[in-house]
2 protein chains.
Amino acid sequence: MRIGELSKATDVPVPTIKYYLREGLLPAGELSSPNQASYGDTHVRRLRLIRALVELAGVPVATVKEILESLDADTEPLHEQIGRAHRALTPTRRLSATEEARDAATAQVTKLIHDRGWTVEPSAPALATLIDTVAAFRALGQENLIAHLDAYADSVERFTRFEIDAVTANPTRDQLAESVVIGTILGETLIASLRLLAQESISADRWKNR
Amino acid sequence: MRIGELSKATDVPVPTIKYYLREGLLPAGELSSPNQASYGDTHVRRLRLIRALVELAGVPVATVKEILESLDADTEPLHEQIGRAHRALTPTRRLSATEEARDAATAQVTKLIHDRGWTVEPSAPALATLIDTVAAFRALGQENLIAHLDAYADSVERFTRFEIDAVTANPTRDQLAESVVIGTILGETLIASLRLLAQESISADRWKNR
DNA sequence: GCTTATGGATACTGATACTATCCATGACAG
DNA sequence: CTGTCATGGATAGTATCAGTATCCATAAGC
């Protein structure tokens with residue numbers, strides 16, 4: 001398969017494929033002559049994965065590269081790969097809240113994690129984001145929305161459980177790792193859109209005239 | 001309050017505040033003389049809201065502007081404002097999938113919505129994203145992950161319900177509208193980080209040695 | 001009166017994700 | 001075997017986004 005065919009198969013423009021090759025997201029094709037390379041099925045799949053992460057999930061290209069490198073390095077422990085996927089989903093956005101809001105948020109989140117018996121590293125990127133977010137809700141006068149934080153956590157824990165069950169069903173470690181990455185990242189898009197649809201549906205009849 | 005004090009109160013640099021003023025995200029202060037304006041508490045709150053949306057939720061500045069305009073136009077029906085917040089969360093990313101994957105995804109999503117009795121407009125932006133995402137899962141060989149789509153929807157519907165209950169508790173329409181926007185947008189960040197923490201915790205003991 | 005901050009305008013920056021152009025070579029059709 | 005087209009590789013250009021930086025005339029506040 002040559003680059004033009006790869007482009008047609010995946011609906012990605014040739015210059016974009018060249019860009020991904022340059023950036024090292026896509027392995028080079030096998031050179032049969034100085035200006036002729038052939039690409040295979042792995043390239044098609046890899047390219048589809050890249051597009052899904054970039055286009056659907058909005059992951060930065062540089063991060064996709066990191067994730068793919070980690071996927072290819074099958075020596076890396078699985079939790080390292082998960083950590084990488086997690087970092088891909090939590091850009092280093094920090095928000096300085098008022099001290100009270102931040103303290104209250106930290107306390108609430110710490111309590112939540114303790115009560116649920118979760119094992120979470122203090123350095124987990126999502127932890128900081130969660131605290132910031134809870135603090136933001138407070139700072140914006142939306143205490144009532146996060147009063148049910150535990151109920152949120154309950155539902156979230158529910159689907160996370162069978163998510164992990166489904167992923168664990170993979171026979172090989174490589175497949176498992178790939179499932180983890182896809183599940184973690186695309187799963188967020190999935191849940192987000194389900195939530196919006198649920199919101200639209202539930203709110204429709206309740207507020208028809210407000 | 002002058003711009004310098006506003007900056008200190010919110011921890012946003014003066015040039016950034018000026019930028020938001022230019023872009024129309026923040027209403028101009030009251031001019032007491034050609035080069036002296038005073039800002040009040042509304043500015044502090046508005047600025048905090050802007051930062052939360054931009055920094056935490058990653059909403060583009062142009063979209064924040066739209067949302068705020070919609071919030072200020074209290075003549076606009078509530079479901080219009082919800083739609084706007086939804087559009088803020090679903091950037092127009094489209095992914096061309098294979099036809100089979102796309103058809104299968106459409107069928108699965110249509111069935112889901114029907115089975116759950118959801119009322120969803122066919123033009124809902126989240127609907128397209130959901131179909132694309134499900135199709136991407138298929139195209140990437142992760143059918144097993146979306147086999148439980150209904151279970152996902154179940155959990156999602158659960159927290160969406162009390163989310164809407166919490167928001168409905170607001171006395172005035174203005175407060176309701178603001179809660180809807182904040183809840184919809186920051187809620188996504190909240191759920192996403194909760195999910196990552198749950199994943200980390202649940203997966204830790206399961207895959208310690210893989 | 002002197003330093004500092006301000007409003008307003010305009011210009012510049014850095015990051016990101018592509019696109020476009022060029023060129024020498026090679027594949028393939030007729 | 002020859003003319004057209006695609007390709008690999010390199011380099012340069014573009015659009016968007018979210019600020020920053022600079023300037024200036026004016027005004028606060030000590």
Side-chain angles (χ1 to χ4, degrees), chain A residues 1-40 43 47 49-68 87-88 91-96, chain B residues 1-40 43 46-47 49-68 88 91-96:
Chain A
M1 200 190 293
R2 294 188 316 203
I3 201 170
E5 303 171 84
L6 180 58
S7 166
K8 275 204 188 88
T10 57
D11 216 21
V12 176
V14 171
T16 305
I17 296 178
K18 284 187 169 186
Y19 165 63
Y20 292 151
L21 285 168
R22 275 202 306 280
E23 295 296 311
L25 295 198
L26 201 59
E30 205 184 332
L31 277 180
S32 59
S33 76
N35 72 334
Q36 214 65 204
S38 75
Y39 305 90
H43 292 93
L47 198 44
L49 176 55
I50 294 170
R51 291 305 276 190
L53 297 183
V54 170
E55 291 279 289
L56 263 179
V59 177
V61 167
T63 310
V64 172
K65 185 186 176 184
E66 257 191 83
I67 292 170
L68 294 179
R87 255 167 275 130
T92 43
R93 301 160 184 146
R94 302 308 306 279
L95 195 59
S96 57
Chain B
M1 201 189 291
R2 294 187 317 201
I3 201 169
E5 303 172 83
L6 181 59
S7 167
K8 276 205 188 87
T10 56
D11 215 19
V12 176
V14 172
T16 304
I17 296 177
K18 283 186 170 186
Y19 166 62
Y20 292 151
L21 285 167
R22 277 204 304 282
E23 295 296 311
L25 295 197
L26 200 60
E30 206 183 331
L31 277 180
S32 61
S33 76
N35 71 336
Q36 214 63 203
S38 75
Y39 305 89
H43 291 94
R46 178 52 60 95
L47 198 44
L49 177 54
I50 294 171
R51 292 304 277 189
L53 298 183
V54 170
E55 291 280 290
L56 262 180
V59 178
V61 167
T63 311
V64 172
K65 184 185 177 186
E66 258 191 80
I67 292 170
L68 294 178
T92 43
R93 301 163 184 144
R94 300 310 303 281
L95 195 59
S96 57

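In what follows, chains are A, B, ... by sequence order, proteins preceding strands, each numbered from 1. Because the structure is a prediction, the values reported are computed rather than measured.
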Interatomic distance, [X] [atom1] vs [N] [atom2] [rounded to whole Å]:
| X | N | atom1 | atom2 | value |
| --- | --- | --- | --- | --- |
| Arg51(B) | dA18(D) | CZ | P | 11 Å |
| Arg2(A) | dG26(C) | CZ | C1' | 10 Å |
| Leu21(A) | dA10(D) | CG | C1' | 13 Å |
| Met1(A) | dT7(D) | CE | P | 12 Å |
| Glu5(B) | dG7(C) | CD | P | 10 Å |
| Glu55(A) | dA17(C) | CD | P | 11 Å |

Decide yes or no for Leu68(B) and Leu49(B): does some side-chain heavy atom of the first lie under 4.5 Å from some side-chain heavy atom of the second?
yes
Tyr20(A) side chain near Arg51(A) side chain, heavy-atom distance below 4.5 Å
yes
Report the distance from atom CG of Leu25(A) to atom CD1 of Ile67(A), rounding to the nearest 0.5 Å.
10.5 Å
Going by the side chain to side chain donor-acceptor pair (under 3.5 Å) test, which pairs reach into residues 1-10 of chain A, not counting sequence neighbours?
none
Specify the closest pair of heavy atoms between [X] and [Y], including all atoms of both residues, with the distance to one decimal.
| X | Y | value |
| --- | --- | --- |
| Ile3(A) | Lys18(A) | CD1-CG, 4.0 Å |
| Val14(A) | Gly4(A) | CG2-CA, 4.3 Å |
| Leu21(A) | Pro27(A) | CD2-O, 3.5 Å |

Of dA18(D), dA17(C), dG7(C), the nucleotide closest to the side chain of Tyr19(B) is dA18(D)
With [X] via salt bridge (charged side-chain N to carboxylate O under 4.0 Å, His left out) - residues at least two apart:
| X | answer |
| --- | --- |
| Arg46(B) | Asp72(B) |
| Glu23(B) | none |
| Glu66(A) | Arg84(A) |

Quick check: on DNA chain C, is the nucleotide nearest Val59(A) upstream (toward 5') of the one nearest Ile3(B), or the reverse? Name the residue that is more 5'.
Ile3(B)
Assuming nearest nucleotide by heavy-atom distance, tell me which of Tyr39(A) and Tyr20(B) is located more 5' along DNA chain D.
Tyr39(A)
By side chain to side chain donor-acceptor pair (under 3.5 Å) - contacts of Tyr19(A) (at least two apart):
none
Residues in side chain to side chain donor-acceptor pair (under 3.5 Å) contact with Asp11(B), at least two apart in sequence or another chain:
Ser96(A)
Please enumerate all residues that pass side-chain contact (heavy atoms from CB on, under 4.5 Å) together with Ser38(A), with sequence neighbours excluded.
Glu30(A)
Can you list everything that forms a side-chain contact (heavy atoms from CB on, under 4.5 Å) with Pro13(A)? Sequence neighbours excluded, please.
Pro15(A), Thr16(A)
What are the atom names and distances for every N/O pair under 3.5 Å that joins the protein to nucleotides 21-23 of chain D?
none

Could you check which residues of residues 24-36 of chain B get a heavy atom under 4.0 Å from DNA chain D? Sort them by number, please.
Ser33(B), Pro34(B), Asn35(B)
Check nucleotides 12-14 of chain C for protein N or O atoms closer than 3.5 Å to its own N or O atoms and list the pairs.
none

Residues from residues 7-14 of chain A sitting under 4.0 Å of DNA chain C, heavy atoms only?
none
